[in-house]
Amino acid sequence: MQYLIKDDIYYVGVSDHKIKLFENYIPINNGVSYNSYLIKDEKTCLLDTVDEVKVNQYLKKLANTLNGRHLDYLVIHHMEPDHCALIKEVLANYKDVTIVSNQQVFKMINQFFDLDIENKLIVKEGDILDLGKHKLQFISAPMVHWPEVMVSYDSYAKVLFSADAFGSFGALSGNLFYDEVRDVDYISEARRYYANIVGKFGNNVVNLYNKIKDLDINMILPLHSYLWRKDFDIIINKYLKWATYMPEDKEVVIFYASMYGNTEEVVNNLAEILANKGLKNIKIYDVSQTDETYLIAEVFRTSHIVLASPTYNLGIYPKMANLIHAFKSIGIKNRTFALIENSTWAGCSNKLIYEELAKLKNVTILEEKVAIKSSYKETDHQALENLAEQIIEDIKKEV
């Protein structure tokens, strides 16, 4: 079967419903798609390949879609192996194909593969590949999310081949376009994808947006997950918020660590107080039970983050310390934090967490801090009330 998208552009990507870890560390419950596209014009052009686990399925789909035609070009937008693993196989099956990409990509090809590429075309920002009616203009997109990344714009079909930008986790199940499905998890998974894959490079995402914002785009074709043919503002506006570290929701998320359930009881009481004061959609996560990638995504979503941690070996509880390290690594900013500590003897986690958070840019750490001794008691209630009041006051003053 040939899957025509529009104007002689075909989908030849594949989905992996079995994969459980993306990049061997990010859990994905619904798999992932590896999107690849074929333009059949006066010249034929393949845009990216897929992961090696789908080699047989992919080569069959490509041959079927070419339907006996020769493959003239293979464009590589991004050298990560889930998109370029089959360069060697494509070269073996289509002997005279010309590989098209930038200088950095060709350097990386030599790092990944032992290949002597006879036919190659090195392109740079603004160069155009003429396929006939279709003309691909190349646009550099460094660090979205590797340094060699580029995207391309087809001026005839008004299509943006966006590489990893505007992608998400999640395998496809027949339907290719976002508007064909009612996937309530899509934005959450797109956020988690962005936060953990691209998150650190927000400035680069904004730079790419500024390059493409004036293009006449009828379709956005990313390398992962659904394709976009309408309502682009849904995903673009989300990307701009994430890229500028602006919270989507003025809401509270509570991250806690609890060895024996005592700190858990404290945060449950805080959540009840906040709810009784009118706050909605409060989320609570145990940092020992919830994978860090979900927590990072919640930080990109929410405006106010409560961190509740025991003091552990005169330090921060390890899982909480790892999470805070991730905040710094990704460059989280424009957030408000509230702190709670629990200790039996030398309590110092609030102090240590404060010192780490203070290294972030443009964050507020609420003055009111709660310190619990071993277990929650009624005498601790007022401290939680005071913290809840300060959180609510801060949310109300947010612009």
Side-chain angles (χ1 to χ4, degrees), residues 191 195 241-242 244-258 261-287 290 294-311 316-317 319-321 323-324 326-328 330 332-343 347-373 375-399:
R191 181 188 303 111
K241 275 191 176 291
W242 301 333
T244 54
Y245 295 93
M246 298 307 297
E248 297 169 64
D249 302 313
K250 290 199 292 184
E251 293 176 355
V252 174
V253 62
I254 303 173
F255 299 141
Y256 76 92
S258 189
N262 293 308
T263 309
E264 179 183 15
E265 184 180 3
V266 173
V267 300
N268 284 336
N269 276 276
L270 174 63
E272 289 178 5
I273 294 169
L274 289 168
N276 284 332
K277 293 179 181 297
L279 284 194
K280 298 179 180 179
N281 202 32
I282 304 159
K283 303 292 185 185
I284 301 176
Y285 295 93
D286 181 345
V287 299
T290 305
Y294 290 92
L295 306 181
I296 292 297
E298 280 291 81
V299 172
F300 271 80
R301 183 183 69 81
T302 54
S303 59
H304 288 67
I305 301 112
V306 178
L307 302 179
S309 174
T311 295
I316 304 168
Y317 189 80
K319 287 284 188 177
M320 185 67 75
L323 179 61
I324 295 168
F327 293 170
K328 294 190 296 180
I330 295 172
I332 295 298
K333 55 186 173 182
N334 305 326
R335 295 297 186 276
T336 297
F337 291 92
L339 305 184
I340 299 172
E341 76 176 13
N342 192 353
S343 65
C348 59
S349 64
N350 272 353
K351 174 180 178 294
L352 296 174
I353 291 173
Y354 181 96
E355 290 171 353
E356 293 302 309
L357 294 179
K359 298 173 184 176
L360 301 175
K361 294 181 179 179
N362 197 32
V363 299
T364 298
I365 306 171
L366 296 182
E367 183 178 350
E368 191 73 38
K369 299 174 183 62
V370 175
I372 304 295
K373 286 297 184 183
S375 64
Y376 176 76
K377 304 168 190 69
E378 284 303 313
T379 53
D380 297 314
H381 181 81
Q382 189 58 53
L384 292 182
E385 283 276 355
N386 295 342
L387 180 61
E389 286 290 347
Q390 194 167 27
I391 290 170
I392 290 170
E393 287 176 13
D394 198 78
I395 286 177
K396 288 180 178 178
K397 74 179 183 183
E398 291 271 309
V399 177

Inset, instruction - Could you tell me whether the side chain of Glu264 and the main chain of Ser258 form a donor-acceptor pair under 3.5 Å? - result: no
Inset, instruction - Could you tell me whether the side chain of Val252 reaches within less than 4.5 Å of the side chain of Ile395, counting heavy atoms only? - result: yes
Legend entry - Side-chain heavy-atom pair Ile273, His381 within 4.5 angstrom cut-off: yes
Legend entry - N/O donor-acceptor pair under 3.5 Å between Asn350 side chain and Val370 backbone: yes
Inset, instruction - Could you tell me whether the side chain of Ile330 reaches within less than 4.5 Å of the side chain of Phe300, counting heavy atoms only? - result: yes
Legend entry - Sidechain-backbone polar pair: Arg335 side chain, Val299 backbone, donor-acceptor under 3.5 Å: yes
Inset, instruction - Using modelled atom types only, decide if a donor and an acceptor are shared between the side chain of Asn334 and the backbone of Thr244 within a distance under 3.5 Å. - result: yes
Legend entry - Whether Thr290 side chain and Val287 backbone form a donor-acceptor pair below 3.5 Å: no
Inset, instruction - Would you please say whether a donor-acceptor pair under 3.5 Å links the side chains of Asn386 and Gln382? - result: yes
Legend entry - Atom NZ of Lys328: over 12 foreign heavy atoms under 6.0 Å: yes
Inset, instruction - Could you pull out the closest heavy-atom pair between Ala297 and Ala195, with the gap in Å? - result: CA-CB, 4.1 Å
Legend entry - Residue pair Asp380 / Asn269, side-chain heavy-atom distance below 4.5 Å: no
Legend entry - Pair Glu393 + Lys396: basic N to acidic O under 4.0 Å: no
Inset, instruction - Indicate yes or no: does Arg301 engage Glu251 in a salt bridge with an N to O separation below 4.0 Å. - result: yes
Inset, instruction - Kindly give the heavy-atom pair with the smallest separation between Ser349 and Thr311, and that separation in Å. - result: N-OG1, 3.1 Å
Legend entry - Lys373 backbone acceptor or donor facing Lys377 side chain under 3.5 Å: yes
